[in-house]
Amino acid sequence: LLGNLDYIAPILTMFFLTTYGVLNITAGVERFLKSPSFRPSFKVHWIFSFIGALGCIAVMFLINALATVLAIIFVGIVYIWLLRRELKTTWGDVRRGLWLAITRSALLQLEGNPHPKNWRPHVLVLSGAPTRRWHLIALANDITQGQALMTVSTVLKSDFVSMDRVRAIEANIKEYLQNQGVSAFVRVISATDPFNGGMQLVNTYGLGTLVPNTILLGDTRELAHHDAYCEMISHFYQHQRNVVIVRDDEQRGFGNYSRIDVWWGGLKGNGGLMMIIAYLLRSSINWRNAEVYMKIVVPTEAAAQGARTNLMEILRKMRVDFIPKVIVSNNEPFWKILAEESRNANLVMMGLAKPDENFVKYYEQLSERTHNLPSTVFVLAAQEIAFEEVLL
């Protein structure tokens, strides 16, 4: 149609050279990764394959730079079209082998003691069926925001469940999460009860140093379950997993995501972790317009002045726009002040005491004293990490 073969020849040459170049890249990557499925009769060192690929690209630009660009654009369009068709192939994907090699190298590099500045909340969500406790997954997703690892786990109450059923349930949960726009790993196990299952997950789940460092779970309102529940929390703490317990307000949920009250007792331990979580939530899409109040209760006005100065200085160094609020108790009980001050909050955050032999009684009293609050998060810092260094 063009009437001149000289117009066609460079374009055809581009596609031939593109084919040779991609073939060299593929062979070079497979040879470099030492994939057991790649066993060519004619063996070439991966360096020569990459040199061949670079040679093809160089020759393409020397022949005709415009035709090279057009060929690359055309190949890109075909590649995107094939991806969208989601065709099932009988051959492997060299990209998977490349990602595996990168992952292995990265995991080995992560060995050793991490610096607090590099800390991220890798969250294991004990959600059960996602549709029943979606608020746990939603909150964990707001905390991680695709910048940390998140695993949604379900414990099947049974002594034995076939692997086929486990895989089918995992596939259904993955599909559901993808439809909701949540990127997370999924883990399904079987156990005699959810509490034993939670402890099994903490004992076994993870690879190298890359294990969930924060367990996010729902509250239990069954008195008969308190002993087993508190034992599970103690187990998490002993294994240096931070614990975030979410007690959802079934009627209001998280409301309009406009206010977070953090009841603060100091920068170390629980206080530091609560501030990190509040900051991460404040950075998410759902909570981006929320006001975060840092609240402290002191006995006298004289103490309030010093506490207010210290808190404002800490917030200044953190470079966050949290709102400090120091409350003078005037001999009123803390729990009464808490109920009055946070009745209009969308989320209340409080620290949790370290588990000991009286932890069950402590948790029952805490549940009773806070049952009228809006959606509440109890935070227990267990990792041996200086959370204040993450902030300052």
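A donor-acceptor distance shorter than 3.5 angstrom exists from the side chain of R282 to the backbone of A290, with no hydrogens or angles considered. Formation of a donor-acceptor pair under 3.5 Å by the R241 side chain with backbone atoms of V202 is found in this model. Judged by distance alone, with hydrogens and angles left aside, the side-chain atoms of E364 form no donor-acceptor pair with the main-chain N or O of K361 at under 3.5 Å. With hydrogens and angles disregarded, no donor-acceptor distance shorter than 3.5 Å links the side chain of T376 to the backbone of V348. Between the side chain of R369 and the main chain of L366, no donor-acceptor pair closer than 3.5 Å is present. For R343 (side chain) and E340 (main-chain N/O), a donor-acceptor pair under 3.5 Å exists by modelled atom type. H235 places no side-chain N or O within 3.5 Å of a backbone atom of E231 that could act as its donor or acceptor partner. Under a 3.5 Å cut-off, the side chain of D142 and the backbone N or O of L281 do not form any donor-acceptor pair. With hydrogens and angles ignored, the 3.5 Å screen pairs no side-chain donor or acceptor of N196 with any backbone N or O of T192. A donor-acceptor pair under 3.5 Å links the side-chain atoms of T300 to the main chain of A303, judged by distance alone.
For F195 and H225, the gap between ring centers is short of 6.0 Å. Ring to ring, Y363 and Y229 are close: their centroids are under 6.0 angstrom apart.
Here the shortest heavy-atom pairing between V262 and A278 reads CG2-CB, 4.0 Å. Pairing each heavy atom of S375 with each of D249, the nearest pair is OG-N, 2.9 Å. Closest non-hydrogen pair, S342 versus L373, comes out as CB-CD2, 4.4 Å. Across all non-hydrogen atoms, the minimal contact from A353 to L380 is O-CD1, 3.8 Å. Of all non-hydrogen atoms in S329 and V297, the two that sit nearest each other are CB-CG1, 3.9 Å.
Under the 30°/60° scheme for interplanar angles, the aromatic rings of W46 and F50 are found to stand perpendicular.
Annotation: side chain of F387 is not in contact with side chain of K268 (no heavy-atom distance under 4.5 Å). For the pair V152/M150, a side-chain contact is recorded, criterion being any heavy-atom separation below 4.5 Å from C-beta on. In this structure, V188 and V186 have side chains that are in contact, with non-hydrogen atoms separated by less than 4.5 Å. At least one side-chain heavy atom of Q383 sits less than 4.5 Å from a side-chain heavy atom of W119. With a 4.5 Å cut-off on side-chain heavy atoms, V379 and V243 do not count as touching. Two residues are said to be in side-chain contact when any heavy atoms from C-beta on lie closer than 4.5 Å; L311 and W264 meet this criterion. Within the 4.5 Å cutoff, side-chain heavy atoms of L315 are placed close to those of P324. Taking the side chain as every heavy atom from C-beta outward, Q180 and I137 never approach each other to under 4.5 Å.
Around atom CD of E384, no more than 12 heavy atoms belonging to other residues, nucleotides or ligands sit under 6.0 Å away. Within 6.0 Å of atom CG in L62, more than 12 heavy atoms from other residues, nucleotides or ligands are found, so the atom counts as buried in its surroundings. Residue-environment remark: CZ (F74) stays at or below the threshold of 12 foreign heavy atoms within 6.0 Å. Surrounding CZ of F185 are at most 12 heavy atoms belonging to other residues, nucleotides or ligands under 6.0 Å away. The environment of CZ in F16 is sparse: at most 12 heavy-atom neighbours from other residues, nucleotides or ligands sit within 6.0 Å. Heavy atoms of other residues, nucleotides or ligands lying less than 6.0 angstrom from OH of Y279 number 12 at most. Around atom OH of Y205, more than 12 heavy atoms belonging to other residues, nucleotides or ligands sit under 6.0 Å away.
A single hydrophobic cluster is not seen to contain both M232 and V360; linkage of ILVMFWY side chains at heavy-atom distances under 4.5 Å, directly or through other members, places them apart. Residues V292 and M318 are members of one and the same hydrophobic cluster, defined by side-chain heavy-atom contacts under 4.5 angstrom among Ile, Leu, Val, Met, Phe, Trp and Tyr.
Donor-acceptor pairing under 3.5 Å is lacking for the side chains of W287 and S258. Using modelled atom types, one finds a donor on one side chain and an acceptor on the other under 3.5 Å when comparing R247 with T370. No donor-acceptor contact under 3.5 angstrom links the side chains of T131 and Y176, judged on distance only.
Ionic pairing of R133 and D248 is not present here: no N-O contact between side-chain nitrogen and carboxylate oxygen is shorter than 4.0 angstrom. Ion pairing between a basic and an acidic side chain is recognised when a charged N comes within 4.0 Å of a carboxylate O; K325 and E341 show such pairing. Between D261 and R259 there is a salt bridge, with a side-chain nitrogen of the basic residue lying less than 4.0 Å from a carboxylate oxygen of the acidic one. Salt bridge R167/E170: absent, no basic N to carboxylate O contact under 4.0 Å. With respect to the salt-bridge test (charged N to carboxylate O, under 4.0 angstrom), the residues E250 and R221 qualify.
Distance check: N141 CG to S183 OG gives 7.5 Å after rounding to the nearest 0.5 Å.
The only member of L149, V123, L124 that meets side chain to side chain contact (heavy atoms under 4.5 Å, CB included) when paired with P212 is L124.
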